[in-house]
Amino acid sequence: QQKVQQSPESLTVSEGAMASLNCTFSDGTSNNFRWYRQHSAKGLEVLVSIFSDGEKEEGRFTAHLNRANLHVSLHIREPQPSDSAVYLCAVRTGGYKVVFGSGTRLLVSP
Amino acid sequence: EAAVTQSPRNKVTVTGGNVTLSCRQTNSHNYMYWYRQDTGHGLRLIHYSYGAGNLQIGDVPDGYKATRTTQEDFFLLLELASPSQTSLYFCASSDARGPNERLFFGHGTKLSVL
């Protein structure tokens with residue numbers, strides 16, 4: 001059964017400093033990875049999707065995938081207070097089952 | 001943008017009560033999912049379906065039934081609700097046509113079981 005774990009549980013950064021979030025998964029055949037953002041128990045917003053090893057950038061959000069290390073990360077460049085939210089890593093296996101991590105709560109202080 | 005509509009948005013019931021959460025998607029996606037979200041657990045998959053009449057068991061299915069009556073409609077049933085089922089429930093759909101398919105989420109249903 002796929003296990004998806006995120007770290008850290010919570011993170012505080014200053015406005016303008018880089019924020020880095022981590023996600024590990026257990027199924028090396030996983031082929032679809034997404035990072036979502038959620039403000040205060042509201043709907044989920046897709047930030048960046050990545051399907052092969054390497055880097056994928058969407059505006060200020062960059063995902064790095066290393067399937068050999070079972071690791072995908074999210075880096076937020078120049079974070080703003082409006083980026084304060086819960087960030088969720090989602091991993092899809094070949095059977096179309098999508099498993100989420102438990103989330104990282106990010107606080108960006110002015 | 002695909003539309004996924006959940007109803008009701010909020011629901012309060014008592015222990016032992018019978019609850020049905022509804023989800024409708026309008027883009028004829030084949031896959032639909034029910035998740036629950038609790039603090040410290042992220043989103044956990046309850047049930048999912050790849051078409052009308054189909055049902056697949058997720059990771060936390062105990063106490064829940066689901067039914068996919070049409071391509072558009074997916075229902076989550078709690079026949080004997082318990083306080084442990086107090087949670088925020090999300091429905092999602094996907095066309096699942098390749099490795100880069102994505103989930104489209106509804107706005108969630110907040111369920112409180114007293």
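Per chain, numbering begins at 1; letters A, B, ... match sequence-line order.
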B:Ser87 and B:Gln85, any side-chain heavy atoms less than 4.5 Å apart: no

Straight-line distance of A:Ser20 OG to A:Leu74 CG, nearest 0.5 Å: 8.5 Å

Aromatic ring proximity, centroids under 6.0 angstrom, B:Phe104 and B:His29: yes

Which portion of A:Phe33 sits near chain B, non-hydrogen atoms under 4.5 angstrom: neither

Heavy-atom proximity to chain A below 4.5 Å, by part of B:Leu43: both

Sorted by number, residues from residues 6-16 of chain A in contact with chain B (heavy atoms, under 4.5 Å): none

B:Gln56: partners by side chain to side chain contact (heavy atoms under 4.5 Å, CB included), with sequence neighbours left out: B:Tyr48, B:Tyr50, B:Asn54

Per-residue contacts, residues 100-110 of chain A versus chain B, heavy atoms under 4.5 Å: A:Phe100, A:Gly101, A:Ser102

Test item: side-chain donor near acceptor, B:Arg24 and B:Thr5, under 3.5 Å: no

Contact winner vs chain B - A:Val98, A:Val46, A:Val99, A:Leu88, heavy-atom pairs under 4.5 Å: A:Val98

Backbone of B:Ser28 reached by a side-chain donor or acceptor of B:Gln71 within 3.5 Å: yes

Intermediate values then yes/no, salt bridge (Lys or Arg N to Asp or Glu O under 4.0 Å), B:Asp59 and B:Arg44: CA-CA 7 Å; B:Asp59 296 323; B:Arg44 292 183 289 175; over 6 Å; no

Under 3.5 Å side-chain donor-acceptor pair for A:His75 and A:Ser73: yes

For A:Glu45, side chain to side chain donor-acceptor pair (under 3.5 Å) partners two or more places apart: A:Arg37

Centroid separation B:Tyr33 to B:Phe90 less than 6.0 Å: no

A:Arg67, A:Arg92, A:Gln2 screened by side chain to side chain donor-acceptor pair (under 3.5 Å) with A:Ser30, the one that passes: A:Gln2

